[in-house]
There are 2 protein chains.
Amino acid sequence: MDLQEKLNQKGLRMTRPRRVVLSILEAASVPLSAGTIYQKALERKERIGLVTVYRTLELLDEFGMVRRAHSQDECHGYLLASPGHHHNLVCHTCMKTVEFPGSEDLSGIVQRVQRQTGYQVNDHLLELYGLCPSCQES
Amino acid sequence: MDLQEKLNQKGLRMTRPRRVVLSILEAASVPLSAGTIYQKALERKERIGLVTVYRTLELLDEFGMVRRAHSQDECHGYLLASPGHHHNLVCHTCMKTVEFPGSEDLSGIVQRVQRQTGYQVNDHLLELYGLCPSCQES
DNA sequence: ATCCTTATTGAAAATATTTATCAATAAGAT
DNA sequence: ATCTTATTGATAAATATTTTCAATAAGGAT
């Protein structure tokens with residue numbers, strides 16, 4: 001289900017700024033902060049306000065169409081989310097980020113932790129860090 | 001190795017503010033932001049500046065004595081890190097946080113992802129969310 | 001205990017980030 | 001084309017973080 005449909009479903013409207021933010025995120029392979037998205041929009045000669053970027057990101061987040069990337073230092077980056085449960089794999093050097101699927105793999109850990117702590121686990125955040133292929137060469 | 005030793009090793013000094021921040025973190029079971037730590041210090045009638053809290057957290061982070069907790073919304077919380085590799089388990093409701101050990105459990109996932117992406121994985125961030133025992137009752 | 005060197009601090013100011021307000025605009029149904 | 005109202009952007013306000021710098025104090029030397 002794409003943005004247009006989700007908006008209709010809630011009686012909300014498709015607007016140019018929303019299209020722009022989404023488009024910028026689609027073109028990115030690195031998590032972008034609100035400010036950065038705003039800059040890129042201006043470069044495209046779009047008339048848009050920073051405030052709207054924040055609001056749009058909030059909206060996309062509610063729709064689950066975007067994920068926050070929590071690097072150790074910068075935790076303000078947003079990344080377009082593919083449907084389904086994914087995690088991010090971030091390159092330490094160039095920050096290039098790819099997603100990888102799979103939450104089943106965690107069920108072992110989750111069960112052990114539930115047993116040990118008494119907590120009832122219902123969500124998780126997993127992010128891997130490393131070197132992407134091209135950064136491995138240099 | 002405790003703070004005193006790590007400081008000596010780098011020719012740095014143990015000071016009252018540093019002791020205070022550490023002590024506040026030791027007493028916490030919930031991730032604390034710089035501002036919150038500052039407040040708690042004032043409550044203790046300590047003469048300390050917010051700036052110093054930021055600096056101390058940065059220092060403790062370099063020493064690996066503290067970890068950032070990246071909840072979906074708030075990613076500015078710091079939590080004392082036990083030695084070794086740990087992850088956080090955060091209660092959605094009361095934010096009470098406990099650590100749990102174990103990075104071996106991830107090796108399966110890591111290997112699969114490395115194979116699939118060509119990335120060389122060397123670090124990770126794992127956080128679980130759920131309900132702590134006492135919040136399950138209510 | 002006293003002196004010295006210099007890491008450290010706190011206050012204030014400068015930046016950066018995020019949220020709230022509100023009149024003007026424009027989406028989309030009629 | 002018109003009407004209703006969700007949405008926008010500018011401004012301002014609120015938060016959060018970093019920089020600057022003179023004053024302070026840790027801790028080794030004496």
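Proteins get letters first, then strands, A, B, ... in listed order; numbering begins at 1 in each. This one's a predicted model, so the numbers in the text were calculated from it and none came from an experiment.
- Comparing B/Val53 and A/Ala34 by the nucleotide of DNA chain C whose heavy atom lies nearest to each, the residue mapping closer to the 5' end is B/Val53.
- Partners of B/Gln116 according to the side-chain hydrogen bond (donor to acceptor under 3.5 Å, both in side chains) rule, which considers only residues two or more places apart in sequence or in another chain, are B/Arg112.
- Distances were taken from every side-chain heavy atom of B/Arg55 (C-beta onward) to each of C/dC22, C/dT9, C/dT18; the shortest belongs to C/dT9.
- Here the P atom of nucleotide D/dA6 and the CG atom of A/Leu59 are 14 Å apart, to the nearest Å.
- Going from atom CD of B/Glu43 over to atom OH of B/Tyr38 covers 12.0 Å, rounded to the nearest 0.5 Å.
- Residue pairs that meet the salt bridge (charged side-chain N to carboxylate O under 4.0 Å, His left out) test with at least one member in residues 22-31 of chain A, sequence neighbours left out, do not exist here.
- With sequence neighbours excluded, the residues satisfying side-chain hydrogen bond (donor to acceptor under 3.5 Å, both in side chains) with B/Glu99 are B/Ser82.
- At whole-Å resolution of the value, OH in B/Tyr38 and P in C/dG10 are 9 Å apart.
- For A/His76 and C/dA16, the shortest distance from a side-chain N or O to OP1 or OP2 is not below 4.0 Å.
- B/Asp61 places its CG atom 12 Å from the P atom of D/dT18, with the value rounded to the nearest Å.
- Taking atom CG of residue A/Leu57 and atom P of nucleotide C/dT19, one finds them 11 Å apart after rounding to whole Å.
- Between the P atom of C/dT17 and the CD atom of A/Gln39 lies a distance of 10 Å, rounded to the nearest Å.
- Side-chain atoms of B/Thr52 and B/Val21, non-hydrogen and from C-beta on, never get closer than 4.5 Å to each other.
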Per-nucleotide protein contact string for nucleotides 24-30 of chain C, where B marks a base within reach and S marks sugar-phosphate only (heavy atoms under 4.0 Å, - for neither):
--BBS--
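- Taking atom CD on A/Glu46 and atom P on D/dT8, their separation rounds to 13 Å, with Å as the unit.
- In this structure, the salt bridge (charged side-chain N to carboxylate O under 4.0 Å, His left out) partners of A/Arg16, at least two apart in sequence or on a different chain, are A/Glu46.
- Remark on the helix from C/dA1-D/dT30 to C/dT30-D/dA1: inter-end axis angle 40°, axes from five-pair C1' superpositions, rounded to 10°.
- Nearest-nucleotide assignment on DNA chain C puts the 5′-proximal partner with B/Val51, out of A/Tyr54 and B/Val51.
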Take B/Met1 and B/Gln9, measure what side-chain contact (heavy atoms from CB on, under 4.5 Å) needs, and give me the verdict at the end.
CA-CA 11 Å; B/Met1 189 165 55; B/Gln9 220 171 47; 3.9 Å; yes
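- In this structure, of D/dG9, C/dT9, D/dT17, it is D/dT17 that holds the atom nearest to the side chain of B/Leu50.
- One finds a side-chain N or O of B/Arg18 lying less than 4.0 angstrom from the OP1 or OP2 phosphate oxygen of C/dT9.
- Rounded to whole Å, the distance from CZ on A/Arg68 to P on C/dT17 is 13 Å.
- The CG atom of A/Leu22 sits 17 Å away from the C1' atom of D/dT7 (whole-angstrom rounding).
- Evaluation of the side-chain hydrogen bond (donor to acceptor under 3.5 Å, both in side chains) rule for B/Arg44 yields B/Ser23 as partners, not counting sequence neighbours.
- At a threshold of 4.0 angstrom between heavy atoms, the contacts of A/Ile48 are confined to the sugar-phosphate backbone, with no base atom among them.
- Scanning for side-chain hydrogen bond (donor to acceptor under 3.5 Å, both in side chains) contacts around B/Thr36 gives B/Ser33, with sequence neighbours left out.
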List the atom pairs, donor and acceptor, that lie under 3.5 Å between side-chain atoms in residues 130-138 of chain A and the rest of the protein, sequence neighbours left out.
| residue | atom | partner | partner atom | Å |
| --- | --- | --- | --- | --- |
| A/Gln136 | NE2 | A/Leu131 | O | 3.0 |
| A/Gln136 | NE2 | B/Gly118 | O | 2.8 |

